[in-house]
Amino acid sequence: MRVLITGAAGFIGSHILDALSGSDTVLLDALLPQAHGADGPPSWTPSGLVVGDVTDAGLLDELLPGIDVVCHQAAMVGHGADPGDAPAYALHNDYGTAVLLAAMHRAGVRRLVLASSMVVYGEGRYRCAAHGVVRPGPRRPADVAEGRYEPPCPVCGAALADELVPEDAPVDPRSTYAASKLAQEHLAAAWARQTGGSVWALRYHNVYGPRMPQHTPYAGVASMFRSSLERGEAPVVLEDGGQRRDFVHVRDVALANRLAIETPLPEGELSAVNVCSGEPHTVGDLARSLAEACGGPAPRIVGGARPGDVRHVVADPAKAAAVLGYRARVPFRDGVAEFATAPLRRPAAVTSS
């Protein structure tokens with residue numbers, strides 16, 4: 001089997017290549033400055049890498065003949081700096097995916113593994129004692145300012161219990177990045193129906209581990225906490241630290257991609273799958289565990305919230321186990337201890353262009 005990996009030099013893409021060791025691969029990466037080092041590509045950048053962009057249709061027409069599966073990781077990621085990032089997200093994530101799908105159609109490639117994200121859900125799944133499963137709206141800034149972080153029942157205003165989010169939960173993207181990831185899924189689903197192709201849309205939850213980008217507004221919260229600790233500063237935790245997430249190690253994400261690459265789907269189908277650890281933790285748990293592992297100061301809880309942030313998103317891992325045989329292998333404590341000293345990327349720039 002011959003596999004094209006886009007974003008092959010990136011945080012997740014490079015680990016997927018490790019997981020596919022010995023496989024026949026074609027590797028593509030644009031080496032965007034916000035994800036790669038100022039001194040050139042990092043030491044783990046694979047040999048034989050083709051430096052180019054998924055928006056380059058001519059290059060894709062050269063690379064795709066003979067490919068059996070495309071593993072599409074190339075993307076602009078993270079919460080971003082502000083809405084001014086929207087054109088960059090649309091270019092790299094949505095237009096890039098559209099160009100890739102068109103090129104796959106020309107080359108007759110019919111299988112895609114797509115890096116999606118849990119951000120497509122918006123808030124997680126909540127249950128009201130009186131009204132069952134409900135969908136809370138965005139939190140009001142006045143509530144957040146006064147320390148009321150839990151979303152209330154939209155019907156009666158009562159307190160809610162958060163639950164595991166299954167893949168058939170309604171989608172409700174609440175940031176530009178989230179909207180771009182959902183658009184990728186829609187483009188891929190339309191392509192599958194039109195061509196008889198198939199798509200695994202792997203909805204990554206909060207990925208962390210070696211080779212994360214560092215010192216950039218596009219990095220994940222784990223990287224931001226570690227950057228603070230390296231400066232001798234306390235990690236700054238928004239809200240009350242009680243917001244729940246599923247932190248999944250990057251090697252487990254790479255495993256999920258390998259399994260998806262090896263597992264065919266029926267023609268014309270897109271199947272979304274949560275890629276998670278199955279061990280939800282709070283953001284405060286992560287900050288405290290990382291501070292302990294680094295021997296640094298305890299986290300500082302400061303309240304507030306970033307616009308578009310949600311309270312709880314905790315994944316249901318059942319479908320991934322059933323359809324891919326995927327179960328995470330790296331326990332949270334072990335992964336955080338490794339991450340405390342793991343090599344990270346030092347970006348050359350933090351701009352979105």
Side-chain angles (χ1 to χ4, degrees), residues 4-13 28-35 52-61 63-64 69-107 109-122 167 170-195 197-205 207 213 216-220 257 260 268-273 275 307-308 351-353:
L4 170 64
I5 306 175
T6 72
F11 169 40
I12 295 174
L28 176 66
D29 200 295
L31 299 180
L32 295 177
Q34 60 264 43
D53 201 289
V54 291
T55 61
D56 186 340
L59 176 60
L60 293 175
D61 287 340
L63 298 179
L64 281 167
V69 183
V70 173
C71 184
H72 184 31
Q73 306 298 313
M76 183 173 169
V77 302
H79 195 87
D82 58 49
D85 289 329
Y89 279 114
L91 171 65
H92 293 299
N93 297 357
D94 302 332
Y95 178 68
T97 297
V99 173
L100 174 63
L101 292 170
M104 290 174 65
H105 174 57
R106 290 192 296 273
V109 181
R110 294 290 178 262
R111 292 187 57 202
L112 175 67
V113 177
L114 173 67
S116 188
S117 173
M118 58 90 174
V119 296
V120 302
Y121 297 121
E167 287 82 356
V171 291
D172 183 18
R174 298 189 179 185
S175 70
T176 303
Y177 171 61
S180 76
K181 297 308 287 185
L182 184 57
Q184 284 184 300
E185 288 195 19
H186 287 321
L187 288 166
W191 167 87
R193 287 191 293 270
Q194 291 171 324
T195 66
S198 64
V199 184
W200 289 109
L202 302 183
R203 290 176 176 171
Y204 303 159
H205 285 252
V207 187
T216 161
Y218 307 97
N257 276 272
E269 182 174 322
L270 180 144
S271 182
V273 178
V275 175
T351 61
S352 60
S353 58

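The figures here come from the full heavy-atom set of this structure, side chains too, leaving out hydrogens, waters and symmetry mates. We count residues from 1, following the sequence as given.
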Inset, instruction - List the steps and the verdict of side chain to side chain contact (heavy atoms under 4.5 Å, CB included) for Thr176 and Asp85. - result: CA-CA 8 Å; Thr176 303; Asp85 289 329; 5.7 Å; no
Legend entry - Point-to-point distance, once rounded to the nearest 0.5 Å, from CG of Asp61 to CE of Met104: 12.5 Å
Inset, instruction - Kindly give the heavy-atom pair with the smallest separation between Val54 and His72, and that separation in Å. - result: CG1-CE1, 4.2 Å
Inset, instruction - Quick one: closest heavy-atom pair of Leu60 and Ala103, and the distance? - result: CB-CB, 3.7 Å
Inset, instruction - Give the minimum heavy-atom separation between Arg111 and Ala260, together with the two atoms involved. - result: NH2-O, 3.3 Å
Legend entry - Asp53 side chain vs Ala30 backbone, donor-acceptor pair below 3.5 Å: no
Legend entry - Inter-residue atom distance Ser116.OG - Leu182.CG, 0.5 Å rounding: 7.5 Å
Legend entry - Side-chain heavy-atom pair Leu59, Leu28 within 4.5 angstrom cut-off: yes
Legend entry - Minimum heavy-atom distance between Tyr204 and Gln73, given as atom pair plus value: OH-OE1, 2.7 Å
Legend entry - Atom pair CZ/CG of Arg203 and Leu114 - distance to nearest 0.5 Å: 10.0 Å
Inset, instruction - Can you measure from CD1 (Ile12) to CD1 (Ile5) and round to the nearest 0.5 angstrom? - result: 12.5 Å
Inset, instruction - List the atom of Arg174, the atom of Ala178, and the distance in Å for their closest heavy-atom pair. - result: N-CB, 3.9 Å
Inset, instruction - Compare all side-chain heavy atoms of His105 with those of Arg110 and state whether any distance is below 4.5 angstrom. - result: yes
Legend entry - Test item: Asn93 side-chain N/O and Ser180 main-chain N/O as donor-acceptor pair under 3.5 Å: no
Inset, instruction - Measure the spacing between OH of Tyr95 and CD of Gln184 and express it to the nearest 0.5 Å. - result: 14.5 Å
Inset, instruction - Work out which heavy atom in Gly96 is nearest to a heavy atom in Thr55; give both atom names and the distance. - result: CA-CG2, 3.8 Å
Inset, instruction - Enter the distance from Trp200:CH2 to Asn257:CG here, rounded to the nearest 0.5 Å. - result: 12.0 Å
Inset, instruction - Decide side chain to side chain contact (heavy atoms under 4.5 Å, CB included) for Leu101 and Thr195; before the verdict, give the C-alpha distance in whole Å, the side-chain angles of both, and the deciding distance to 0.1 Å. - result: CA-CA 10 Å; Leu101 292 170; Thr195 66; over 6 Å; no
Inset, instruction - Determine, step by step, whether Val77 and Phe11 satisfy the side chain to side chain contact (heavy atoms under 4.5 Å, CB included) criterion, reporting the C-alpha distance in whole Å, the side-chain angles of both residues, the deciding distance to 0.1 Å, and the verdict. - result: CA-CA 11 Å; Val77 302; Phe11 169 40; over 6 Å; no
